[in-house]
Structures are given as structure tokens and as C-alpha cells.
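Below is one structure, written out as C-alpha cells; comments come after it.
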Amino acid sequence: MNRSQHVFGSGLVFTVGLWVAWVSYTQQPAEAFLFPRLIATVFVVLAGWTFGKAVMGLSKVGNGVTRTMFLKMLPGLIIMLIYVFWAAKTLGFYTATTIAFFTLLSIYDPAPHSEAKTWIKRGIITAVFVAVMYGLFAMLLNVYTPREILF
């Protein structure tokens, strides 16, 4: 990866961070967006720092993302885009999270897909993950999550 690729990539992440922060700071009710504002602010600061280092040439530039690496990441990126832009709002936060997490786990888990015990393990891991998410967001942090069909 050359320097211009690093500047472009970090600039894109910084731009997305600014957009997320702007959305979180302009939405109402304000108390519903306290946690997202905190996360967005930290994200923008770190992304801005990385972008600034890239522009000034102070970053260590690696090899970049190869075609093979990108193709391995592509299913996850597609699932993330579907989740963020459609599923979380349409299906409900927890339902969409369950489906997305289980799908990602099934795609990237190296365990064989022909054994029932690996599917049970994936189901248990997904259930624990969603329970932890629910405990964190709904109970501990009192964060409003998108509520639609199921949750």
C-alpha cells in the first residue's frame, strides 16, 4: 500500500466518522443518543488522528489489502451493509443482530458445516452474544435500540 492509498482509506474512515457523529449529535431525543455520541466522538478523534498521520507521512504503511483478502472479507461486508441499512430497522435490532451474527459465524467459523454439534455450538455462541448485547444496551446502558417487528 502506498501513501496515497493510506491517505484515501483513512480519509474515508474519518469522513464516515464525521457523518456518524453529525447524525448522533443532530437526532432527538438527546438522551437516546448519549452513548452513540460518546462512541462517535472517540471514533472521530481516533480516525482524525490516523488521517492526520497519513497526510503528514508519519504512518507506517503496510502491504494493503490483497484481492484474496478482499474476497474473504466481502461476505462480511455485504452482511454488514444489509444489517446497517435495512435489517436492523426492518427486523428489529436484536432479531437482525441474531441473524447477522449467526450468519457471519457460520461463514467464518472453520469448523465443519456437516456436523450437528458445530451448528449447536454456533447457536449457543449466538444466543450468548445476543444476551450480552441485550444486557449491555437495554439494561446496563439504557440505550434506545431500533424497535420494529420483534424487538
Side-chain angles (χ1 to χ4, degrees), residues 1 5-6 8-25 27 29-51 53-54 59-151:
M1 177 188 296
Q5 289 174 320
H6 193 237
F8 176 76
S10 61
L12 185 63
V13 170
F14 183 54
T15 303
V16 169
L18 287 172
W19 176 69
V20 169
W22 180 79
V23 168
S24 70
Y25 277 96
Q27 300 299 308
E31 61 273 359
F33 290 91
L34 179 62
F35 183 69
R37 286 176 182 170
L38 175 68
I39 296 300
T41 301
V42 171
F43 183 83
V44 166
V45 168
L46 293 175
W49 181 24
T50 302
F51 179 59
K53 285 178 66 175
S59 298
K60 292 183 180 178
V61 179
N63 296 330
V65 177
T66 64
R67 177 177 163 78
T68 306
M69 285 170 76
F70 180 76
L71 290 175
K72 287 181 181 179
M73 291 186 305
L74 190 59
L77 292 170
I78 292 168
I79 290 168
M80 178 207 56
L81 290 172
I82 292 169
Y83 174 80
V84 168
F85 290 109
W86 177 78
K89 210 169 207 176
T90 305
L91 301 176
F93 178 76
Y94 297 107
T95 304
T97 300
T98 303
I99 293 168
F101 187 82
F102 185 77
T103 304
L104 287 170
L105 187 58
S106 298
I107 290 170
Y108 291 113
D109 184 9
H113 288 83
S114 59
E115 297 178 13
K117 77 176 190 176
T118 60
W119 287 104
I120 293 168
K121 182 176 114 181
R122 290 180 188 112
I124 291 169
I125 291 169
T126 301
V128 169
F129 174 78
V130 172
V132 168
M133 293 290 291
Y134 179 79
L136 265 172
F137 289 125
M139 301 177 129
L140 185 65
L141 298 170
N142 293 323
V143 173
Y144 295 99
T145 55
R147 300 186 196 287
E148 296 296 328
I149 293 176
L150 295 179
F151 296 100

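All values derive from a computational prediction rather than experimental measurement. Position 1 is the first residue of the sequence; numbering continues from there.
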Practice problem: Kindly determine whether W86 and L91 satisfy side-chain contact (heavy atoms from CB on, under 4.5 Å), including the steps that lead there. | Solution: CA-CA 8 Å; W86 177 78; L91 301 176; 4.3 Å; yes
Quiz item: Run the side-chain contact (heavy atoms from CB on, under 4.5 Å) check on T126 and L105 step by step: do they pass?
Solution: CA-CA 8 Å; T126 301; L105 187 58; 4.0 Å; yes
Practice problem: Using the side-chain contact (heavy atoms from CB on, under 4.5 Å) rule, take F14 and W49 through it: C-alpha gap first, then chi angles, then the decisive distance, then the call. | Solution: CA-CA 9 Å; F14 183 54; W49 181 24; over 6 Å; no
Practice problem: Go through the steps to decide whether T15 and F51 satisfy the test side-chain contact (heavy atoms from CB on, under 4.5 Å), and finish with yes or no. | Solution: CA-CA 10 Å; T15 303; F51 179 59; over 6 Å; no
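Scanning all heavy atoms of the two residues, the minimum distance from D109 to H113 falls at O-CE1, 3.9 Å. Pairing each heavy atom of T118 with each of P112, the nearest pair is OG1-O, 2.7 Å. Scanning all heavy atoms of the two residues, the minimum distance from F101 to I125 falls at CE2-CG2, 3.8 Å. Taking all atoms of both residues into account, the shortest heavy-atom contact from S106 to R122 is OG-CD, 3.7 Å. Taking both residues in full, the closest heavy atoms of I99 and T103 are given as O-OG1, 2.7 Å, listed atom of the first, atom of the second, then distance. Residues I79 and A100 approach most closely at CG2-CB, 4.1 Å, considering heavy atoms.
For the side chain to side chain contact (heavy atoms under 4.5 Å, CB included) test, residues two or more places apart in sequence or in another chain that qualify with V23 are W19, Q27.
Note that NZ of K117 is 12.0 Å distant from CD1 of I124, once rounded to the nearest 0.5 Å. Rounded to the nearest 0.5 angstrom, R37 CZ and I39 CD1 are separated by 13.5 Å. Here the NZ-CG distance, from K72 to L77, works out to 14.5 Å after rounding to the nearest 0.5 Å. Note that OG1 of T95 and CZ of F93 are 10.5 Å apart. Values are rounded to the nearest 0.5 Å.
Within 6.0 Å of OH in Y108 there are more than 12 heavy atoms belonging to other residues, nucleotides or ligands.
Within the 4.5 Å cutoff, side-chain heavy atoms of T41 are placed close to those of Y25.
Between F102 and W119, the ring planes lie tilted relative to each other; the angle falls in the 30° to 60° range.
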